Amino acid sequence: MEKDVTRNIEEQLSAFLDGELPEEELQLLVRRLERDPEYRATLARYATIGSVLRRDPVQVTGDDLRQRLMIAMQDDNSDSQDSTPSGNSVFLQKRGLLVAGIAALVVAGLYTGNFYRDEQLSFDRPKSAELARTSPAEVFEPAGNASEQPSRAVSVSAGVRRAALHPDRMTSYLVSHGEFSRSFQGAIVDSRIFVQQASYEE
Amino acid sequence: MSQTGNRASDQLLVERVKAGDKHAFDLLVLKYQHRIIKLILRYVKDPAEAMDVSQEAFLKAYRALPKFRGESAFYTWMYRIAINTAKNHLVAARRRPLDHAAEISEPEEFEWHSSLQDSDSPEGKAMGEELRETVERTIAELPDELRTAIVLREIDGLSYEQIAQVMECPLGTVRSRIFRAREALDKSIRPIMDEG
């Protein structure tokens, strides 16, 4: 009796492998396969038989791949579980946001020139003295004949554009004439002072 | 009939994976691993490397499965993932595909074009040879109707309905004959598989 049941299930496995199992048998078999490694092993052997008959090259190593995949999937799931917020991870996330916020402030500071140091960051910025010598016409017109020295003309032009948007000038301009210039009540504010103070406090 | 059946049963497994059943994905792997490895071996000659790429391809599929809507058959989708993974692997390793015949867009075409290749470790190759000899010997000893049914299914890829027409017998008989052939073959290869 039990042998008949087993044979019946094995016949279902065979039809399942061929994609020929009727819907009503399919649900039950899949649930059975889920909890019975013996039937999964039988199914794997049936698949191997087909592979041997078709002379596929890697019929022997298939189980190895399945084992490796199961381990990888396990790791995958535990990784995603780790990423769900727990008490500790919420704290870490908040700390991460704080660090990201500070980093954004630093980047914004660099962009507006607040943390500018001539000696340290002179790689692509014209020095103040050079800027002072640059006339407005030079700022918008590339020096030299571009057609004679095309490669050089590009670099000069890029340098000039950087000079035109120099952060020190921009900051001063915005402090004096910007939308919120009134809030400074006529005082000239150099944000570098605050940066220096902050560094002393550290 | 066969394609629709495969598609329906694969879709059921996909739904189960989406619901969190990892064993259902194992069944999909079990069903298609040989074909996927064979496909990847067209791009990557080294079997160990091909196994790594196959693993990566299946893992990618597993991760992407929640987005799989079932508009195409699972195997077609998996086949494309495998090709892309193999190509990316070659690009990362700065190598060209081994076999340009593998530039086939549809899995059905690949089945037609696939040739016989032998590549494995010495132990695996020896075991493969033993398996092959055993299967060939057993199949030669099978009654005619069982041998014809299994050959039409596994080698010629015919559906049960087509086999029923060829063999002029009911669908249930085809199912039973194919199973009995597998049962006999399984009995003969089991000692080798258990050894390995």
Side-chain angles (χ1 to χ4, degrees), chain A residues 6-23 25-27 29-37 39-77 80, chain B residues 1-10 12-13 16 21-27 29-31 33-35 37-38 41 47 50-51 54-55 58-59 62-63 116-121 124 127-128 131-132 135 139 150-151 153-155 159-160 175-176 178-179 182-183 185-186 189-190 193 196:
Chain A
T6 305
R7 275 199 87 215
N8 192 30
I9 293 166
E10 284 172 352
E11 189 180 319
Q12 286 181 333
L13 289 176
S14 169
F16 168 77
L17 193 66
D18 296 330
E20 299 275 3
L21 197 65
E23 185 81 33
E25 291 177 68
L26 187 63
Q27 300 269 1
L29 183 75
V30 168
R31 253 177 276 146
R32 200 185 290 274
L33 278 167
E34 201 177 291
R35 55 175 192 269
D36 199 323
Y39 287 127
R40 284 205 300 275
T42 306
L43 189 65
R45 286 197 306 277
Y46 286 176
T48 301
I49 289 167
S51 179
V52 174
L53 283 170
R54 288 187 301 272
R55 293 181 169 258
D56 288 349
V58 280
Q59 62 274 13
V60 183
T61 44
D63 277 352
D64 181 33
L65 175 67
R66 283 174 58 216
Q67 281 163 10
R68 281 165 57 175
L69 261 169
M70 286 306 268
I71 293 165
M73 281 156 60
Q74 211 91 40
D75 291 348
D76 224 40
N77 285 357
S80 62
Chain B
M1 171 71 182
S2 178
Q3 290 296 323
T4 321
N6 256 326
R7 196 167 170 166
S9 68
D10 288 354
L12 176 86
L13 293 173
R16 291 191 75 89
D21 176 6
K22 271 181 283 174
H23 290 302
F25 191 74
D26 182 43
L27 293 179
V29 175
L30 195 153
K31 209 169 161 184
Q33 58 180 347
H34 294 133
R35 280 193 252 179
I37 296 169
K38 188 170 153 184
L41 272 166
M51 285 290 276
S54 304
Q55 182 185 340
F58 274 115
L59 209 54
Y62 177 68
R63 287 175 185 148
L116 308 177
Q117 284 189 6
D118 262 313
S119 50
D120 218 330
S121 64
M127 192 175 160
L131 268 176
R132 190 167 294 169
V135 165
I139 215 157
I150 192 83
V151 166
R153 173 63 218 157
E154 290 287 20
I155 299 172
S159 69
Y160 282 11
R175 173 171 149 161
S176 164
I178 290 173
F179 163 63
R182 278 187 176 133
E183 190 182 37
L185 288 160
D186 183 40
I189 66 160
R190 209 168 169 164
M193 297 291 280

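Excluded from the calculations below are hydrogen atoms, water molecules and symmetry mates; all remaining heavy atoms, backbone and side chain alike, are included. A note on names: the letters A, B, ... follow the listed sequences, proteins ahead of strands, and every chain is numbered from 1. Bear in mind the structure is a predicted one, so any value in this text is a computation, not a measurement.
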task: Mind listing the closest non-hydrogen atom pair of B/His34 and A/Ala47 along with its distance?
output: ND1-O, 3.8 Å
statement: In terms of heavy-atom contacts, B/Ser9 and A/Phe16 come closest through CB-CE1, 4.4 Å
- request: Under 4.5 Å heavy-atom distance to chain B, tell me which part of A/Met73 shows up: side chain, backbone, both or neither.
  value: both
Distance, nearest 0.5 Å, that separates CZ of A/Arg66 from CD of B/Gln33: 6.5 Å
query: If you round to the nearest 0.5 Å, how far is CG of A/Asp18 from CZ of B/Phe179?
result: 12.5 Å
task: Output the option from B/Leu12, B/Leu185, B/Ile155 having the highest count of non-hydrogen pairs under 4.5 Å with chain A.
output: B/Leu12
message: Nearest 0.5 angstrom please: A/Tyr39 OH to B/Leu27 CG, how far?
response: 14.5 Å
Presence of salt bridge, A/Arg7 and B/Glu183, under 4.0 angstrom: yes
message: At a heavy-atom distance under 4.5 Å, which candidate from A/Glu23, A/Glu11, A/Glu10, A/Arg35 has the highest pair count against chain B?
response: A/Glu11
field: Contacting region of B/Leu59 [heavy-atom separation from chain A under 4.5 Å]
entry: both
task: Taking the side chain as every heavy atom from C-beta outward, state whether B/Arg182 and A/Leu17 have any pair of such atoms under 4.5 Å apart.
output: yes
- prompt: By side-chain contact (heavy atoms from CB on, under 4.5 Å), which residues pair with B/Gln55, not counting sequence neighbours?
  reply: A/Leu65, A/Arg68, A/Leu69, A/Ala72
statement: What one should report as the nearest heavy-atom pair of B/Arg175 and A/Pro22 is NH1-CD, 3.6 Å
statement: Of B/Ile139, B/Leu30, B/Ile150, B/Ile178, the largest count of non-hydrogen pairs under 4.5 angstrom with chain A goes to B/Leu30
message: Keeping B/Glu154 on the side-chain end and A/Leu53 on the backbone end, is there a donor-acceptor pair under 3.5 Å?
response: no
- request: Let me know if B/Asp21 has heavy atoms under 4.5 Å from chain A in its side chain, its backbone, both or neither.
  value: side chain
message: Under the rule for ring-ring contact (aromatic ring centres under 6.0 Å, His included), what residues qualify as partners of B/Phe25, not counting sequence neighbours?
response: B/Tyr62
Heavy-atom closest pair, residues A/Val52 and B/Arg132: CG1-CA, 3.6 Å
field: From CZ (B/Arg16) to CD (A/Gln27), nearest 0.5 Å
entry: 7.0 Å
- prompt: With a 4.5 Å limit on heavy-atom distance, are the side chains of A/Arg31 and B/His23 in contact?
  reply: no
query: Rounded to the nearest 0.5 Å, what separation is found between the CG atom of B/Leu131 and the CZ atom of A/Arg45?
result: 11.5 Å
